[in-house]
Amino acid sequence: MKYWLMKSEPDVFSIDDLKKKKKTHWDGVRNFQARNFMKVEMKKGDKVLFYHSNADPSGAAGIAEIIKEGYPDHTQFDPDDKHFEPKASPQKPYWYMVDVKFVEKLKTFVPLNEIKKNPKLRKMKLVQRGNRLSVMPVEKNEFDEIVKMGSK
DNA sequence: GCCAACGTTGGC
DNA sequence: GCCAACGTTGGC
């Protein structure tokens with residue numbers, strides 16, 4: 001089983017929205033590296049840290065789980081959608097998404113500065129300079145450490 | 001293939 | 001709102 005971190009802007013879709021909706025499809029990712037993680041590497045049952053980006057403060061908010069593996073993101077075919085991709089067709093999709101379900105909300109929110117302060121988390125892609133990936137792999141020990149920080 | 005211009009992300 | 005860092009596009 002693998003572990004992941006997925007960023008979402010809470011103004012758009014927060015952990016509370018996921019809790020209410022129970023599950024969601026993770027559409028709108030338009031970055032090749034992030035796409036490949038979703039298309040190729042994410043497997044049913046993988047655990048996801050739900051991260052609030054562009055937030056006040058930003059940080060880890062909860063846990064989700066992959067319930068459907070990579071399939072074409074329908075928003076790329078819709079000319080009226082913000083994420084329309086003119087070069088894509090249903091026969092040749094460019095972009096992929098996964099479905100995730102709500103697992104739990106962390107008892108205490110783990111802000112980014114706490115993550116940065118923890119020596120065990122120094123190697124996380126998240127805290128490395130200039131990393132803007134919205135979907136990224138996380139090591140099991142890092143995942144566990146953040147969950148531990150959030151369960152106090 | 002290089003690189004400037006432009007767009008986007010995301011912390012602060 | 002600012003701006004650094006990065007990705008993408010397009011002219012050459």
Side-chain angles (χ1 to χ4, degrees), chain A residues 2-21 24-42 46-66 70-100 102-139 141-150 152:
Chain A
K2 288 193 175 145
Y3 296 86
W4 304 93
L5 182 145
M6 295 173 95
K7 294 179 183 173
S8 180
E9 300 192 18
D11 293 346
V12 180
F13 195 85
S14 72
I15 188 72
D16 292 319
D17 294 323
L18 183 63
K19 187 176 183 179
K20 227 177 295 165
K21 264 186 80 180
T24 190
H25 43 94
W26 207 274
D27 64 337
V29 172
R30 292 296 181 266
N31 170 285
F32 278 103
Q33 236 185 313
R35 180 204 74 160
N36 289 339
F37 288 140
M38 293 201 296
K39 185 185 175 190
V40 183
E41 294 197 44
M42 279 186 172
D46 284 0
K47 293 287 193 300
V48 177
L49 273 176
F50 194 107
Y51 179 90
H52 284 176
S53 65
N54 255 320
D56 190 19
S58 296
I63 301 171
E65 182 183 322
I66 307 294
Y71 64 108
D73 177 344
H74 55 84
T75 62
Q76 70 191 305
F77 308 129
D78 180 358
D80 296 326
D81 195 281
K82 188 186 166 211
H83 299 291
F84 178 59
E85 171 56 65
K87 285 178 280 186
S89 68
Q91 290 74 35
K92 276 198 169 183
Y94 262 53
W95 302 112
Y96 285 75
M97 60 187 182
V98 294
D99 286 359
V100 304
F102 177 80
V103 175
E104 64 178 64
K105 184 176 173 176
L106 292 178
K107 201 170 162 197
T108 50
F109 182 82
V110 182
L112 181 60
N113 68 334
E114 294 291 331
I115 294 174
K116 283 180 175 164
K117 269 195 260 170
N118 188 330
K120 288 181 191 159
L121 302 175
R122 203 161 284 156
K123 286 202 183 123
M124 281 188 79
K125 283 195 171 52
L126 179 70
V127 298
Q128 282 164 13
R129 200 175 63 108
N131 198 311
R132 302 182 323 184
L133 274 178
S134 60
V135 176
M136 66 180 83
V138 172
E139 297 296 326
N141 64 314
E142 296 165 348
F143 184 95
D144 291 343
E145 182 66 18
I146 289 181
V147 171
K148 201 174 108 192
M149 290 165 79
K152 280 183 215 153

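The sequence lines fix the lettering, A, B, ..., with proteins before strands; numbering per chain opens at 1.
Rounded to the nearest 0.5 angstrom, M136(A) CE and N131(A) CG are separated by 4.5 Å.
Of the residues in residues 46-58 of chain A, those lying under 4.0 Å from DNA chain B by heavy-atom distance are Y51(A), S53(A), N54(A), S58(A).
In the model, D144(A) has no side-chain atom that pairs as donor or acceptor with a side-chain atom of Y3(A) under 3.5 Å.
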### Task
With side chain to side chain contact (heavy atoms under 4.5 Å, CB included) as the test, would you mind laying out the steps for H52(A) and F109(A) before giving the verdict?
CA-CA 10 Å; H52(A) 284 176; F109(A) 182 82; 4.0 Å; yes

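Going from atom CG of N131(A) over to atom C1' of dT9(B) covers 11 Å, rounded to whole Å. Taking atom CE of residue M6(A) and atom P of nucleotide dT9(B), one finds them 15 Å apart after rounding to whole Å.
Taking all atoms of both residues into account, the shortest heavy-atom contact from A64(A) to V103(A) is C-CG2, 3.7 Å. Residues K152(A) and T108(A) share a closest heavy-atom pair of O-CG2, 3.1 Å.
For W4(A) and F50(A), the ring centers sit 6.0 Å or farther from each other.
Between D73(A) and R30(A) a salt bridge is recorded (basic side-chain N to carboxylate O distance below 4.0 Å).
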Provide a list of protein-nucleic acid N or O atom pairs under 3.5 angstrom, restricted to nucleotides 1-8 of chain B.
residue	atom	partner	partner atom	Å
dT8(B)	O2	R132(A)	NH1	2.9

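Side-chain nitrogen and oxygen atoms of K7(A) include at least one within less than 4.0 Å of the OP1 or OP2 phosphate oxygen of dG10(B).
Within the 4.0 angstrom heavy-atom criterion, only backbone atoms of the sugar-phosphate kind lie near L133(A); the bases stay farther away.
No donor-acceptor distance shorter than 3.5 angstrom exists from the side chain of E139(A) to the backbone of M124(A), with no hydrogens or angles considered.
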